[in-house]
Amino acid sequence: MHDTIDKMKKFAKEGYGVIIGEYGPQSTSKDGVPQFIEETMTYGAQLGFVPVLWEASLFYSRDDGTMKFKDIAEVFNRVTGSNGIIPENAAITGIPKSESSSEDNLKKLYTWEGSWTRTDGTNAVGGYEAKSCDNGLNVQSNVAFWQLWLNTDWSTIKNPHIKIYMANDDLSQNADIQFAYTKAADGGNWTGDKTLQTDWIEKCLPLDTSRLKDNPWLMISSNKPGATIVKIEIFDEK
């Protein structure tokens, strides 16, 4: 990382101000996130640069103006000398454990089948096609194919679970899966962001009912461009 930042030293020596306009990890569900952010902030400041965290509602709550993750908030307070509020319920970054339930104890409510492929940021990769979707389930993609959005009447489901099937190719079968909750399809200010890296494909994964109450749209994505989802099932307890 230092080698990359060092390439901009020549501009500072020539009298230009240097702003690192977008930096940061794409997910908080990995090890070393606060360390990466802190090192970028401190090393950039040592060189006279201004690092600006790339924020798309991953780290910061626009509802109450607080950081969503305790360890990242502590970095900002420490590096800037601030005393920003850290919510008591703030999460911690890191690789989450993949939890699942036995399908024997669940009943299937809804099924969507089709194809959603996560974009690589160009028009070359990415797409969405719905082949079938049960009444009562709403599944849609944003036009850029960055995220898939799912909604139903969660108030009728006591213990919601989701099961996701991936295309039968190496990339899709080794992809991670990202979940978050928000108030509207293609909306910002995500909450409960979590990325599962292993042992999740075709497993019945519990959803967070407390977050679904106020944020009824489930965001689904992957950090692997080209990864393709082909089927989604929603379950409740029997």
Side-chain angles (χ1 to χ4, degrees), residues 1 4 22-33 35-37 54-59 91 93-103 108 110-134 137-151 160-182 185-188 190 192-208 217-235:
M1 182 246 287
T4 300
E22 289 187 359
Y23 82 93
Q26 292 183 323
S27 171
T28 56
S29 299
K30 57 178 67 176
D31 292 332
V33 169
Q35 292 86 351
F36 175 83
I37 291 175
W54 180 50
E55 166 54 16
S57 298
L58 181 61
F59 306 102
T93 64
I95 299 175
K97 182 181 179 181
S98 179
E99 299 179 355
S100 62
S101 300
S102 171
E103 192 170 339
K108 184 165 59 178
Y110 303 111
T111 300
W112 169 92
E113 290 190 76
S115 176
W116 177 82
T117 302
R118 200 273 208 187
T119 183
D120 64 350
T122 72
N123 292 326
V125 176
Y128 174 73
E129 178 186 8
K131 295 181 180 178
S132 65
C133 185
D134 289 341
L137 183 65
N138 188 355
V139 179
Q140 55 189 270
S141 173
N142 53 16
V143 295
F145 312 119
W146 289 106
Q147 294 96 17
L148 194 63
W149 303 86
L150 182 148
N151 169 267
H161 283 66
I162 189 169
K163 184 177 181 180
I164 298 177
Y165 299 75
M166 302 299 290
N168 191 25
D169 58 73
D170 288 342
L171 192 154
S172 298
Q173 288 294 315
N174 289 282
D176 55 17
I177 197 74
Q178 180 185 12
F179 297 111
Y181 305 84
T182 188
D186 209 8
W190 303 348
D193 178 80
K194 179 169 67 173
T195 300
L196 303 178
Q197 298 183 359
T198 60
D199 199 29
W200 62 268
I201 295 177
E202 297 184 26
K203 298 291 182 67
C204 293
L205 310 172
L207 298 177
D208 190 332
W217 282 91
L218 180 68
M219 186 285 293
I220 306 171
S221 188
S222 174
N223 290 323
K224 291 287 184 70
T228 300
I229 296 173
V230 296
K231 186 177 180 181
I232 300 173
E233 296 173 336
I234 300 296
F235 292 82

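On a predicted model such as this, the values are computed, not experimentally measured, just so you know.
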Donor-acceptor pair, [X] side chain versus [Y] backbone, under 3.5 Å?
X	Y	value
Glu113	Val230	no
Thr119	Val125	yes
Asp176	Asn223	yes
Lys224	Asn174	yes
Thr117	Gly127	no
Asp134	Thr111	yes

Minimum heavy-atom distance between [X] and [Y], given as atom pair plus value:
X	Y	result
Cys204	Phe235	SG-CE1, 4.1 Å
Phe145	Gly126	CD1-C, 3.6 Å
Ala175	Trp200	O-NE1, 3.1 Å
Ile162	Ile234	CG1-CD1, 3.8 Å
Tyr181	Asp208	OH-N, 2.9 Å
Ser172	Thr228	OG-N, 3.0 Å

Working to the nearest 0.5 Å, report the span between [atom1] of [X] and [atom2] of [Y].
X	Y	atom1	atom2	answer
Tyr165	Ile201	OH	CD1	12.0 Å
Ile229	Ile220	CD1	CD1	5.5 Å
Phe179	Ile164	CZ	CD1	4.0 Å
Thr93	Gln35	OG1	CD	7.0 Å
Leu205	Leu196	CG	CG	6.0 Å
Gln147	Asp186	CD	CG	6.5 Å

With Ser101, the side chain to side chain donor-acceptor pair (under 3.5 Å) member among His161, Lys203, Lys163: His161
Side chains of Asn138 and Trp217, heavy atoms from C-beta outward: is any pair under 4.5 Å? yes
Please evaluate residues Gln178 and Met219 with respect to the criterion side-chain contact (heavy atoms from CB on, under 4.5 Å), reporting the C-alpha separation (whole Å), side-chain torsions for both, the decisive distance (0.1 Å), and the verdict. CA-CA 8 Å; Gln178 180 185 12; Met219 186 285 293; 3.8 Å; yes
Decide if atom NZ of Lys194 counts as having more than 12 heavy atoms of other residues, nucleotides or ligands within a radius under 6.0 Å. no
Aromatic plane relationship, Tyr128 with Trp112 - under 30° parallel, 30 to 60° tilted, over 60° perpendicular: parallel
